[in-house]
Amino acid sequence: MEVIVHQDYESVGRAAARIVAQTLNSKPNAVLGLATGSTPLGLYQELVRMHREEGLDFSQVVTFNLDEYVGLTKNDPRSYYHFMRENLFRHVNISPQNIYVPSGTTDNYHAFCAWYERRIVESGGIDLQVLGIGSDGHIAFNEPSSSLGSRTRIKTLAKQTIEDNARFFDRLEDVPIYAITMGVGTILEARRILLLANGTKKAPAVAAAIEGPITSRITASALQMHADVTCLLDEAAASQLEMIEYYRWVQAKHPGAALRVSRPHFQRQIAHRMN
Ligand code: PGA
């Protein structure tokens, strides 16, 4: 995994936006997997700025969101659909028919989940998946003990997640108990994955995900099996990483790697060492 530590939350958002923009510039009809929550807000603000000021084009982009609360309608201000509309979709030139967010109110969840999986495949698969991480190590709503091969389905939220997310609701009792979520297996099929994390509260989960054993107790640890994951962390979220010196060393030796910048200097050095 590529681990890149930035000074603060704002720089994580800007770095993530540069990677998304680069993806869209090289593939204007890219399929993006998107996340909700506090973590990706900075990324979305930067993407909106890039759209307004630099003409970043979303006209052919297709998006699939990771999850939605069961029981909340699209227009409920606490739904993830509403979050996405307010924080990204209504500010950029994305076509409404290219937006997919799991439905929290379908009358047939089983059929809906199968359809959602099919739509991802029919759209060509996810090119770039954006992820946050829960304080319990979850990705999307794949709570501890989720199968690492799981697909889109209904999950019962962990108490820790309900408490973490209560800040978006008036009362703890209002937080839905169930969510519809892409599975770990679904996520692992994305071509490239960006994991974002900030703040000390995430530090133990980040360390377990990147450096711990692969385990369903920390579903983010399954990302270790994916060939193309970039973790963008702020200093606080990175504070419990034991190999932090190595990550900084790599970052210093290969700046711009996350942007796939090809560096003649780097190539020359490798050639020199191999000769
Ligand atoms: P947060 O949630 O970005 O609001 O911290 C992350 C998550 O639960 O995946």
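Only a predicted model underlies this, so the values are computations on that prediction, with no experimental measurement involved. As the structure lists them, so they are numbered: ligands from 1, and atoms in each ligand from 1. Counting from 1, the numbers follow the sequence of the chain as shown.
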**Message:** Can you tell whether the side chains of Arg191 and Asp228 come within less than 4.0 Å, N to carboxylate O?
**Reply:** no

**Prompt:** Numbering the atoms of ligand 1 from 1, which are under 4.0 Å from a heavy atom of Lys202?
**Reply:** 1 (P), 5 (O), 6 (C)

**Request:** Report the relative orientation of the aromatic rings in Trp115 and Tyr100; use parallel for angles under 30°, tilted for 30 to 60°, perpendicular for over 60°.
**Result:** tilted

**Prompt:** Strictly under 4.0 Å, does any heavy atom of Lys201 approach an atom of ligand 1?
**Reply:** no

**Request:** Quick one: sort the Tyr69 and Phe141 rings into parallel, tilted or perpendicular, breaks at 30° and 60°.
**Result:** tilted

**Item:** Taking atom 6 (C) of ligand 1 as the reference point, the nearest protein heavy atom with its distance
**Value:** Ile133 O, 3.5 Å

**Prompt:** If you measure from the Lys or Arg side-chain nitrogens to the Asp or Glu carboxylate oxygens, is any gap between Glu117 and Arg151 under 4.0 Å?
**Reply:** yes

**Fill in**
Nearest non-hydrogen protein atom to atom 9 (O) of ligand 1, with distance, is His138 NE2, 3.4 Å

**Request:** Please round to the nearest 0.5 Å and tell me the distance separating atom CG of Leu47 and atom NE2 of His91.
**Result:** 12.0 Å

**Request:** Please state whether Gln160 comes within less than 4.0 angstrom of ligand 1, counting heavy atoms only.
**Result:** no

**Asked** Hey, does Arg167 come in under 3.5 Å of ligand 1, counting only N/O atoms on both sides?
**Response** yes

**Message:** As an exercise, identify every atom of ligand 1 less than 4.0 angstrom from a heavy atom of Gly37.
**Reply:** 3 (O), 4 (O)

**Complete:** Numbered in order shown, the ligand 1 atoms found under 4.0 Å of a heavy atom of Thr39 are 1 (P), 3 (O), 5 (O)

**Request:** Verify the distance criterion only: is there a donor paired with an acceptor across the side chains of Thr186 and Arg153 at less than 3.5 Å?
**Result:** no

**Summary of ring pair (Phe, Tyr, Trp, His ring centres under 6.0 Å) pairs that have at least one residue in residues 34-63, sequence neighbours excluded** = none

**Item:** ligand 1 versus Ile139: contacting region, heavy-atom distance under 4.0 Å
**Value:** neither

